[in-house]
Amino acid sequence: LNNGLGYGIRLLLSDYQTKVTKYPSNSTGDLNTYYNGKKVGEIWGYETIGVAKTQQEMDAHLASLPNGGQTYISGSTWRAGDIMYADSNNDGKVDKGLNTLDDHGDLRVIGNTTPRYQFGIDLTADWKGFDVRAFFQGVMKRDFWQGSYFFWGARAGGNDGSNNSGTNGSSWQDGGMWWSTAFVDHEDYFRDASSYSVSTGALGENANAYYPRPNFENDRNLKVQSRYLQDASYIRLKNLQVGYTLPASTTRKFHIDKLRVFFSGENLWTGSKMNKMFDPETIGNESYGSAYPLSAVYSFGINLNF
């Protein structure tokens, strides 16, 4: 520009999907493996009504399911603080049928792990010796099921029988109370007057909790479901550089052609709806989001050209 301001904008965008067009080895349409027409990354799960705030609310929900309630998921004793699953196919019970394409009960495709619309935004500007560069990257659309103890905190032994495109029955998720963990986020669990932590005065009641009641007996509340499906889309300020180049008329007095001082920062800001203990950039089927979080890095420096 006439005032000496220079700027640049560069946008990068990519997208892909993978669909199985033919897979003869699965004649029954088993959801735990590939099948004809499957979009790779599909997440099959239940629709969640919510966490029952009272025993009366749970009893009313079970009474609306005359053909077995939620017993097909995990027994007949459901309490306040447990999950109320939706009867999506209106057959009076909640189950996964034969877990096949033709008979999948109340299971539905609730998301897909494939990262869609991956993008990069590179912004540059310079004016009278000052220069700025900011690089953003991210994913516009991605779902993620985080079924491990890192997400749930308290979990029972045994896998959750999920259908998450290759993550089914991973043994490292098992182990019961000895593999449970606790982050600050896990304090937001269901508690009523009968809860041990409330009766002892350690914590107050929490009927509007994000997490269901802790349960080491079974995994009834941990089934793949819409309530805890993670939105893994994000945008991150991957790199920011701010610099100043001294005038050549000044630096040449010291036999220096160019002298630039700068600040650089990496991973400075992230916009994401994922639970805060996970990093949307490092999640994947191998790590389940348990990778060591990326660190913010700050540096200062001087560039010299003689």
Side-chain angles (χ1 to χ4, degrees), residues 1 3-18 41 43 111-148 150-151 153 164-165 167 181 183-188 210 227-247 258-305:
L1 300 178
N3 61 3
L5 175 65
Y7 64 90
I9 301 174
R10 186 172 65 169
L11 303 177
L12 302 173
L13 179 65
S14 65
D15 186 37
Y16 75 94
Q17 293 186 80
T18 304
I43 303 174
N112 195 295
T113 62
T114 301
R116 303 288 310 278
Y117 313 115
Q118 300 180 71
F119 66 89
I121 305 173
D122 195 9
L123 306 175
T124 59
D126 61 85
W127 181 72
K128 294 185 178 181
F130 292 96
D131 63 89
V132 178
R133 181 176 185 180
F135 177 68
F136 296 84
Q137 71 174 42
V139 173
M140 293 185 184
K141 181 178 175 59
R142 188 183 190 186
D143 302 303
F144 188 67
W145 175 255
Q146 224 301 342
S148 76
F150 290 110
F151 175 79
N164 189 5
S165 302
T167 65
T181 188
F183 295 110
V184 172
D185 305 60
H186 295 140
E187 293 181 1
D188 188 14
Y210 175 69
R227 177 180 176 88
Y228 299 107
L229 186 68
Q230 298 291 292
D231 180 351
S233 60
Y234 76 96
I235 180 172
R236 167 165 284 161
L237 178 54
K238 194 66 179 175
N239 179 262
L240 174 67
Q241 291 188 35
V242 179
Y244 177 69
T245 301
L246 274 66
K258 183 178 180 180
L259 191 158
R260 176 178 177 266
V261 294
F262 69 89
F263 159 80
S264 178
E266 298 181 8
N267 304 318
L268 298 181
W269 170 81
T270 303
S272 172
K273 295 180 181 179
M274 283 195 72
N275 283 36
K276 298 304 181 183
M277 58 271 214
F278 304 108
D279 189 315
E281 189 178 346
T282 61
I283 61 173
N285 289 342
E286 294 77 21
S287 68
Y288 290 84
S290 62
Y292 194 82
L294 297 178
S295 301
V297 179
Y298 305 92
S299 59
F300 299 87
I302 299 176
N303 297 135
L304 291 172
N305 292 336

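Only a predicted model underlies this, so the values are computations on that prediction, with no experimental measurement involved.
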Atom pair [atom1]/[atom2] of [X] and [Y] - distance to nearest 0.5 Å:
X: I302; Y: L259; atom1: CD1; atom2: CG; answer: 6.0 Å
X: L12; Y: F136; atom1: CG; atom2: CZ; answer: 14.0 Å
X: Y117; Y: S14; atom1: OH; atom2: OG; answer: 11.5 Å
X: L229; Y: F144; atom1: CG; atom2: CZ; answer: 10.0 Å
X: K238; Y: T270; atom1: NZ; atom2: OG1; answer: 8.0 Å
X: I283; Y: M274; atom1: CD1; atom2: CE; answer: 4.5 Å

Indicate yes or no for a side-chain donor-acceptor contact from [X] to the backbone of [Y] under 3.5 Å, with no hydrogens or angles considered.
X: T114; Y: G41; answer: no
X: R260; Y: Y244; answer: no
X: N267; Y: A296; answer: no

So, for [X] and [Y], which heavy atoms are closest and what is the spacing to 0.1 Å?
X: T113; Y: R142; result: O-NE, 2.6 Å
X: P280; Y: S272; result: CG-OG, 3.8 Å
X: A134; Y: L240; result: CB-CD1, 4.0 Å

Do other residues, nucleotides or ligands put more than 12 heavy atoms under 6.0 Å from the [atom1] atom of [X]?
X: I9; atom1: CD1; value: no
X: R133; atom1: CZ; value: no
X: W127; atom1: CH2; value: no

**Request:** Just jot down the side-chain contact (heavy atoms from CB on, under 4.5 Å) partners of F119, sequence neighbours excluded, or say none.
**Result:**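 Expected list: L13, I121, M140, I235.
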Would you say [X] and [Y] make side-chain contact, with heavy atoms under 4.5 Å?
X: N112; Y: Q17; answer: no
X: D131; Y: T124; answer: no
X: V184; Y: K276; answer: no

So salt bridge (Lys or Arg N to Asp or Glu O under 4.0 Å) across residues 3-14, not counting sequence neighbours, yields R10-D122
K258 vs N303, side chain to side chain contact (heavy atoms under 4.5 Å, CB included): CA-CA, chis, key distance, verdict:
CA-CA 8 Å; K258 183 178 180 180; N303 297 135; over 6 Å; no
*Please step through side chain to side chain contact (heavy atoms under 4.5 Å, CB included) for the pair Y16 and Q118, ending with a clear verdict.*
CA-CA 9 Å; Y16 75 94; Q118 300 180 71; 3.8 Å; yes
Checklist line | Among Y210, F150, F183, side-chain contact (heavy atoms from CB on, under 4.5 Å) partner for N275 | finding: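 Only one option passes, and that is Y210.
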- Item | Step-by-step salt bridge (Lys or Arg N to Asp or Glu O under 4.0 Å) determination, D15 to K141 | CA-CA 10 Å; D15 186 37; K141 181 178 175 59; over 6 Å; no
Check the angle between the aromatic planes of Y228 and F151 and answer parallel, tilted or perpendicular using the 30° and 60° thresholds.
perpendicular
